[in-house]
Structure formats: structure tokens, C-alpha cells
*Asks:* 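First the structure, then my questions, so here it is.
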Amino acid sequence: MPVTTKVTVRPAVPTDSALIYQFVRDLAEYEKLLDAVEATENDMTAALFGENPRAFCDIAELDGQPVGFALWFYNYSTFVGRHGIYLEDLFVRPSARGSGAGKALLAGLARRCVDEKLGRLEWAVLDWNAPSIAFYDSLGAAALDDWIVRRMTGEALARLANS
């Protein structure tokens with residue numbers, strides 16, 4: 001008899017803070033950026049479950065066991081004239097890849113966009129991450145080749161703030 005698995009997605013709760021933090025670290029390790037992680041578990045708790053959360057998280061479970069997460073926030077498009085969702089992080093444990101957990105997390109965010117009449121769902125992917133790019137392409141996500149992401153942090157951010 002074949003083994004069946006069931007993927008469910010649920011909103012994260014405060015007791016998930018350590019799990020979310022571990023997922024962030026696992027994602028950073030996969031992306032070869034573990035040394036760039038400055039956030040702490042307390043930062044996750046404050047951002048996601050504090051008095052006025054500005055970021056949100058969904059947890060994917062496979063047969064009741066957490067296997068992945070999507071951390072996201074609302075953005076706004078002046079061109080579309082509506083809010084949207086920006087997916088900051090999507091991660092599924094390697095042992096659960098191919099189970100449908102990643103698709104379930106993205107489908108949940110897509111449903112939220114449709115239900116809330118949001119304009120779009122966006123995210124970034126590292127250019128070397130061929131498996132993820134192929135997965136996103138299979139879902140119909142379009143690459144925005146004409147846009148270049150820019151980021152300002154640290155000393156440059158402070159210098160501009162003080163100018």
C-alpha cells in the first residue's frame with residue numbers, strides 16, 4: 001500500500017519562533033550566507049508576534065511535522081494602485097522537497113492575494129539557484145530581467161541618513 005502524505009499550511013504562532021529562526025538559518029546555510037545572519041530568535045519573535053507586527057509567517061507541515069516556512073509582508077505598488085505581498089523567505093527542508101510543501105506555501109499566499117484583492121505576489125531568487133528558478137517557472141512566475149535590485153545597509157545607509 002503506497003504511503004500518502006498530507007501537506008498543510010498554517011499561520012505561525014509565537015511558540016514557532018525558535019522553529020522560524022532555525023528555518024532562517026537553514027535557508028541562509030543553503031544560500032551560502034549563514035555568516036550574514038544578524039537576526040536573533042528574539043528579533044523574529046518581536047517582528048512577527050510583537051504589538052504591531054509588520055511581517056508574517058506561514059508554516060508548512062507534512063503529516064503534522066513542520067518542514068518549511070514562508071515569511072512575508074505587505075508592500076504597495078503605485079503603478080497598480082494596490083497593496084501586494086512580498087515574499088522575503090521561502091524554505092522547505094531538503095528531505096521534504098518534492099512533497100508539495102513549497103507549492104502549498106505559495107498557493108496560500110496567492111489565495112491571500114486573490115481574497116484580499118492584492119495586486120501581486122513578488123519575491124527574489126538568487127541567480128545560481130536553478131532548482132528554485134525552475135520550480136517558480138513551472139508555476140508561471142515571470143522573471144523581471146529588466147529590474148536590478150538595489151540595497152543600502154550599514155555605513156552607506158548611515159551616511160545617506162546623515163546627509
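Just so we're clear, the structure is a prediction, and the values are computed from it rather than from any experiment. Values below: all heavy atoms of this structure, side chains included; hydrogens, waters and symmetry mates excluded.
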*Asks:* Ignoring hydrogens, what is the shortest heavy-atom contact between Ala70 and Leu90? Give both atom names and the distance.
*Replies:*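 So the two residues come closest at CB-CD1, 4.1 Å.
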*Asks:* Short question: side chain of Asp16, backbone of Ala12 - any donor-acceptor pair under 3.5 Å?
*Replies:*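 No; judged by distance alone, with no hydrogens or angles, the pair does not exist.
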*Asks:* Write down the atom of Val80, the atom of Gly119, and the distance for their closest heavy-atom approach.
*Replies:*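 Closest heavy-atom pair between Val80 and Gly119: CG1-CA, 3.9 Å.
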*Asks:* Side chain to side chain contact (heavy atoms under 4.5 Å, CB included), that's the test. Do Leu106 and Tyr136 meet it? Break it down for me.
*Replies:* CA-CA 10 Å; Leu106 285 169; Tyr136 299 144; 4.0 Å; yes
*Asks:* Just wondering, more than 12 heavy atoms not from Trp147 lying within 6.0 Å of its CH2?
*Replies:* no
*Asks:* Ignoring hydrogens, what is the shortest heavy-atom contact between Phe135 and Gly102? Give both atom names and the distance.
*Replies:* CZ-C, 3.8 Å
*Asks:* Closest heavy-atom contact between Leu62 and Val67?
*Replies:*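 Taking Leu62 first and Val67 second, the nearest heavy atoms are CB-CG1, 3.8 Å.
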*Asks:* Does the pair Arg150 and Ile148 meet the rule for a side chain to side chain contact (heavy atoms under 4.5 Å, CB included), with working shown?
*Replies:* CA-CA 6 Å; Arg150 304 299 304 231; Ile148 298 173; 4.2 Å; yes
*Asks:* Ser99 and Val7: which non-hydrogen atoms are nearest, and at how many Å?
*Replies:*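 Reported closest heavy-atom pair: O-CG2, 3.5 Å.
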*Asks:* Using the test side chain to side chain contact (heavy atoms under 4.5 Å, CB included), find all partners of Leu157 that sit at least two apart in sequence or belong to another chain.
*Replies:*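 Partners of Leu157 by the side chain to side chain contact (heavy atoms under 4.5 Å, CB included) criterion, ordered by chain and then number, come out as Met152.
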*Asks:* To the nearest 0.5 Å, what is the distance between CG (Leu87) and CZ (Phe73)?
*Replies:* 9.0 Å
*Asks:* Look at the side-chain heavy atoms of Ile, Leu, Val, Met, Phe, Trp and Tyr, link any pair under 4.5 Å apart, and say whether Leu118 and Tyr86 land in one connected group.
*Replies:* no
*Asks:* What is the distance from atom CG of Leu121 to atom CG of Leu109, rounded to the nearest 0.5 Å?
*Replies:*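 Spacing of CG (Leu121) from CG (Leu109) equals 5.5 Å.
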*Asks:* Is Glu29 salt-bridged to Arg25, cutoff N-O under 4.0 Å?
*Replies:* no
*Asks:* Among the clusters formed by ILVMFWY side chains lying less than 4.5 Å apart, do Trp123 and Leu71 turn up in the same one?
*Replies:* no
*Asks:* Between Asp43 and Thr40 (side chain of the first, backbone of the second, donor and acceptor by atom type, cut-off under 3.5 Å), is there such a pair?
*Replies:* yes
*Asks:* Please walk me through it: do Lys6 and Thr8 pass side chain to side chain contact (heavy atoms under 4.5 Å, CB included)?
*Replies:* CA-CA 6 Å; Lys6 182 177 180 198; Thr8 57; 3.8 Å; yes
*Asks:* Could you tell me whether a side-chain N or O of Arg97 sits under 3.5 Å from a main-chain N or O of Val92, the two making a donor and an acceptor?
*Replies:* yes
*Asks:* Within a strict 4.5 Å, meaning less than it, do heavy atoms of the Leu48 and Arg54 side chains meet?
*Replies:* no
*Asks:* Only pairs at least two apart or in different chains count here, so list each side chain to side chain donor-acceptor pair (under 3.5 Å) that has a residue in residues 67-83.
*Replies:* Asp58-Trp72, Tyr74-Glu116, Asn75-Glu122, Ser77-Arg120
*Asks:* Kindly give the heavy-atom pair with the smallest separation between Leu105 and Gly68, and that separation in Å.
*Replies:* CD1-C, 4.1 Å
*Asks:* When you compare the side chains of Tyr30 and Asn129, does any donor N or O come within less than 3.5 Å of an acceptor on the partner?
*Replies:*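 On atom types as modelled, these side chains qualify, holding a pair under 3.5 Å.
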*Asks:* Using ring pair (Phe, Tyr, Trp, His ring centres under 6.0 Å) as the criterion, list what pairs up with Phe23, not counting sequence neighbours.
*Replies:*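 Only Phe69 meet the ring pair (Phe, Tyr, Trp, His ring centres under 6.0 Å) criterion with Phe23.
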*Asks:* Hey, what do you get for SG (Cys57) to CE (Met44), rounding to the nearest 0.5 Å?
*Replies:*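 One gets 9.0 Å once the value is rounded to the nearest 0.5 Å.
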*Asks:* Output, in order, the C-alpha distance, side-chain angles, deciding distance and verdict of side chain to side chain contact (heavy atoms under 4.5 Å, CB included) for Phe91 and Asp26.
*Replies:* CA-CA 8 Å; Phe91 178 76; Asp26 292 345; 3.5 Å; yes
*Asks:* Within the structure provided, determine whether Lys32 and Trp128 are in side-chain contact (heavy-atom separation under 4.5 Å).
*Replies:* yes
*Asks:* Side-chain contact test, heavy atoms from C-beta onward, threshold under 4.5 Å: evaluate it for Val13 versus Ile59 and give yes or no.
*Replies:*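 Counting from C-beta outward, Val13 and Ile59 never come under 4.5 Å.
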*Asks:* Establish whether Val125 and Leu33 are linked, either directly or via other cluster members, by ILVMFWY side-chain heavy-atom contacts under 4.5 Å.
*Replies:* no
